[in-house]
**Q** 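What follows is a single structure, and I will ask about it in a moment.
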Amino acid sequence: MENTQQRLSELQQKIIRLKKEKDIAVLAHSYQTADILEIADQTGDSFKLSTAAMELSQKTVLMCGVRFMADTVKLLSPEKTVILPAAEATCPMAEQISPERVYAFKEEHPTYKVVAYINTTTELKAATDVCVTSSSALKIVSRLPENDILFIPDKNLGSYLQKQLPEKNILLWDGCCPVHNAVTEDECRKAVAAHPGAKVLMHPELPAQVLQYADVVGSTADILKYALEHEEDCIIGTERSVRDYLALMRPQQNFYLLSKQLICADMRMTTLTDVYHAMLGECGERIELQPETARLAKHAIEEMLRLGA
Ligand code: 13P
Ligand code: SF4
């Protein structure tokens, strides 16, 4: 263990030196492992990371996360070189509906606005009207002048929105995050019984029947904020890295993972070694987007920023 720590620390030092020498910024989603979060220039949820690169002076950005995050950085900072260190890291939810199906729906239902979770491909974003993230969805959908909405692809986040915004007519698609959707009511009851008094913090990608056990429902950023601003023990209902990070930051508090299923293989694909080799140009993928698709997808992201501000 000590050797591993030492090796990681050396690697972290090398990465920090390379960032300066090569003028590279590292962005890391909160679901990345702590060794990556520690060397990142910016960390956060998908909303924060979508705009973070625009504020950075570096011309090259390494986006540690999954493909849709790197694509979004490229959409908003097209002049930058954007690299996804683990080229195969993708969100399984991103392709659960095809752009063709969205275009067909729009033709059949001209009064509907199509709202897409940011966890979608660039091609899918190009077919939609506005994107949202888990931290901005409620604000954005409530601010839309239209009442008829098709929400894609996450039925769980969509059903959370339906409950919070009964004045809207929200149609759902049958998609979901396979990681969050796997959590069961039985696991919730067991976690609550095992840790009485602990606050239950849940991501809205969890199934609707599970959210009834939550004290707080919010995005990754909301969960981190709540846990860091309170002294209470917490049961964490989102990806395991969030629990691990909190345990590292707050050793005096107890953080329990709601379910052992809450591990996203794609988010964990990127290792510190990948980050190092991607900086040397030895692995990873440089993001290139088809210009017309990028123009349309950027519009949906800009709408997200306009309505979510
Ligand atoms: P956030 O919007 O909370 O960053 O979530 C992204 C994600 O992939 C959740 O599974
Ligand atoms: Fe996609 Fe779920 Fe992984 Fe987030 S946790 S990247 S939604 S599969």
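In what follows, every heavy atom counts, from backbone to side chain, and hydrogens, waters and symmetry copies are set aside. Order of listing sets the numbers, starting from 1, for every ligand and every atom in it. We're numbering straight along the sequence, starting at 1. Worth saying up front: this structure is predicted, and the values here are computed from it rather than measured.
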**Q** Using the ring of each side chain (for Trp, its six-membered ring), is Phe105 parallel, tilted or perpendicular to His109, with breaks at 30° and 60°?
**A**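 It falls in the parallel class, under 30°.
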**Q** Hey, is Ile118 touching ligand 1 through its side chain, its backbone, both or neither, going by heavy atoms under 4.0 Å?
**A**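 Within the 4.0 Å criterion, Ile118 makes no contact with ligand 1.
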**Q** So do Val115 and Thr128 actually touch side chain to side chain, heavy atoms under 4.5 Å?
**A**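 No. Closest side-chain heavy atoms not under 4.5 Å.
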**Q** Say whether His29 and ligand 1 are in contact under the criterion: heavy-atom distance to a ligand atom below 4.0 Å.
**A**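 It does; at least one heavy atom falls under 4.0 Å.
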**Q** For atom 3 (O) of ligand 1, which of the options Thr238, Asp266, Thr220 provides the nearest non-hydrogen atom?
**A**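 Among Thr238, Asp266, Thr220, the closest heavy atom to atom 3 (O) of ligand 1 comes from Thr220.
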**Q** Counting only nitrogen or oxygen atoms and a 3.5 angstrom limit, does Ser46 reach ligand 1?
**A**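 Yes, Ser46 has an N/O under 3.5 Å of an N/O on ligand 1.
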**Q** Walk me through whether Cys188 and Val183 qualify under side chain to side chain contact (heavy atoms under 4.5 Å, CB included).
**A** CA-CA 8 Å; Cys188 295; Val183 178; 4.3 Å; yes
**Q** So does Lys19 pair up with Asp41, basic N to acidic O under 4.0 Å?
**A**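 Counted as a salt bridge, because a side-chain N and a carboxylate O are separated by less than 4.0 Å.
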**Q** Can you name the atoms of ligand 1, numbered from 1 with element, that are less than 4.0 Å from a heavy atom of Asn119?
**A**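 Close to Asn119: 7 (C), 8 (O).
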**Q** Would you say Glu205 and ligand 1 have an N/O pair spaced under 3.5 Å apart?
**A**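 Right, the criterion is met.
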**Q** Answer whether the closest heavy-atom distance between the side chains of Leu246 and Leu224 falls below 4.5 Å.
**A**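 In short, these two side chains touch, coming nearer than 4.5 Å.
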**Q** For distances below 2.8 Å, what is the count of protein N, O or S atoms around atom 1 (Fe) of ligand 2?
**A**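 Protein N, O or S neighbours of atom 1 (Fe) of ligand 2 under 2.8 Å, waters not counted, come to 1.
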**Q** For ligand 1 and Ser135, I'd like to know whether there is a polar contact (N/O to N/O, distance under 3.5 Å).
**A**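 No, no N or O pair falls under 3.5 Å.
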**Q** Are side-chain N/O atoms of Asp244 and Ser241 paired as donor and acceptor at under 3.5 Å?
**A**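 Distance-only check fails for Asp244 and Ser241.
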**Q** Does Tyr31 have a non-hydrogen atom less than 4.0 Å from ligand 1?
**A**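 In this structure, Tyr31 qualifies as a contact of ligand 1 - some heavy atom is under 4.0 Å.
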**Q** Salt bridge check: are Lys14 and Glu10 linked by an N-O gap of less than 4.0 Å?
**A**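 No.
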**Q** Are Asp129 and Lys106 close enough for a salt bridge, meaning some N to O gap below 4.0 Å?
**A**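 Looking at Asp129 and Lys106, the cut-off is met.
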**Q** Would you mind running through ligand 2 and noting each atom that sits below 4.0 Å from a heavy atom of Glu205?
**A**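 Listed by number with element, the hits are 2 (Fe), 7 (S).
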**Q** For Leu262, run the side chain to side chain contact (heavy atoms under 4.5 Å, CB included) check against Glu239, His180, His203, Glu187 and tell me which one passes.
**A**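 Exactly one pass, corresponding to His180.
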**Q** His230 vs Tyr226 aromatic rings, parallel, tilted or perpendicular, using cut-offs 30° and 60°?
**A**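 Answer is parallel, since the angle falls under 30°.
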**Q** Can you find a pair of side-chain heavy atoms, one from Lys199 and one from Val216, that are under 4.5 Å apart?
**A**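 When only atoms from C-beta onward are counted, Val216 and Lys199 do not touch, as no gap falls below 4.5 Å.
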**Q** Run the contact test for His203 against ligand 1 with a 4.0 Å cut-off on heavy atoms, strictly below, and give the result.
**A**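 It does, in that a heavy atom of His203 comes within the 4.0 Å cut-off of ligand 1.
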